[in-house]
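Okay, structure first, notes after.
Order of the sequence lines sets the chain letters (A, B, ...), proteins ahead of strands, with each chain counted from 1. All figures in this text were calculated on a predicted structure; none of them were measured in a lab.
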Amino acid sequence: GAGVSQSPSNKVTEKGKDVELRCDPISGHTALYWYRQSLGQGLEFLIYFQGNSAPDKSGLPSDRFSAERTGGSVSTLTIQRTQQEDSAVYLCASSLAGLNTEAFFGQGTRLTVV
Amino acid sequence: AQKVTQAQTEISVVEKEDVTLDCVYETRDTTYYLFWYKQPPSGELVFLIRRNSFDEQNEISGRYSWNFQKSTSSFNFTITASQVVDSAVYFCALRGSGSARQLTFGSGTQLTVLP
């Protein structure tokens, strides 16, 4: 497809389990971002990739969160030992490399930790 | 550090009224970029407009217009003759030119247009 694709769209997991969220960016977009949006809240920045490297990991809330990007394309966000406070919509976005380019967002993965 | 403030958490208007959404930003960068996004009930964020800090020309696009004023660090968004389909959460965002490349978002304004 032409847009940013995220999978799964919904994920329910038990507290303490690990989860992996996937993001397929728009072809040719070298920049990739992960954000988190809790119910009724704004967007919380998690991590930014330029190519395969992550120059900015400042937003990851704890060491249970990690992300990688391979081949300058697909990215996975992994949450280990999930907690109920991890429940949120996880949004991925991609853009061209320039600072003045807009980011295009996927539809998000709704994560529910029970 | 970058910061975006959207003081209006919720706005309700009646269809055909004009409505302005406020955005105030803070950055130490001399070059920066401002954006507006719309998040309808379906949840996917939709890009609306981008503005560079060195381009203060305001713009009108159909029913939408934007007012960028560096002197007051504001980037306000106006919808004229609002429609029910305009109901959504609107986010203002900022990207600086320093090492922080991410978009910093405001907390959003929930706009409800009543029929």
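In terms of hydrophobic clustering, with Ile, Leu, Val, Met, Phe, Trp and Tyr side chains grouped at heavy-atom distances under 4.5 Å, A:F105 and B:Y33 are assigned to a common cluster. The same ILVMFWY cluster, assembled from side-chain heavy atoms under 4.5 Å apart, contains both A:W34 and A:I79. When the side chains of ILVMFWY residues are joined at heavy-atom separations under 4.5 Å, either directly or via intervening members, B:V24 and B:V4 end up in two distinct hydrophobic clusters. Tracing side-chain contacts under 4.5 Å through hydrophobic residues (I, L, V, M, F, W, Y), one reaches B:F75 starting from B:F77; they form part of the same cluster. In terms of hydrophobic clustering, with Ile, Leu, Val, Met, Phe, Trp and Tyr side chains grouped at heavy-atom distances under 4.5 Å, A:F49 and A:L91 are assigned to different clusters.
Between B:S97 and A:L99, the closest heavy-atom pair is CA-CD1, 3.6 Å. Shortest non-hydrogen contact noted between B:F91 and A:Q41 is CZ-O, 4.3 Å. Here the shortest heavy-atom pairing between B:R95 and A:S95 reads NH2-OG, 4.1 Å.
With a 4.5 angstrom heavy-atom cutoff, A:T101 touches chain B via backbone and side-chain atoms both. Heavy atoms of B:Y32 lying under 4.5 Å from chain A are absent altogether. Only the side chain of B:Q39 comes within contact range of chain A, with at least one heavy atom under 4.5 Å from a heavy atom of that chain. In this structure, no portion of A:I47 lies under 4.5 Å from any heavy atom of chain B. Interface remark: A:E44 contributes no atoms to any contact with chain B (heavy atom separation under 4.5 Å).
Within the model, atoms CD of B:Q2 and CZ of A:F45 stand 10.5 Å from one another, a figure rounded to the nearest 0.5 Å. Here the straight-line distance linking atom CZ of B:F105 with atom CD of A:Q37 works out to 9.5 Å at 0.5 Å rounding. For the atom pair CG (B:D55) and CG (A:N100), the distance works out to 11.0 Å, reported to the nearest 0.5 Å.
Side-chain contact check for A:L43 versus B:L45: some heavy-atom pair is nearer than 4.5 Å.
Around the NZ atom of B:K70, the shell of radius 6.0 Å holds more than 12 heavy atoms that belong to other residues, nucleotides or ligands. Within 6.0 Å of atom CD in A:E85, more than 12 heavy atoms from other residues, nucleotides or ligands are found, so the atom counts as buried in its surroundings. Taking a 6.0 Å sphere around CZ of A:R110, one finds it holds 12 or fewer heavy atoms contributed by other residues, nucleotides or ligands.
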Report task. List the steps, then state whether side chain to side chain contact (heavy atoms under 4.5 Å, CB included) holds for A:E102 with B:L48. Result -> CA-CA 9 Å; A:E102 61 270 25; B:L48 295 177; over 6 Å; no

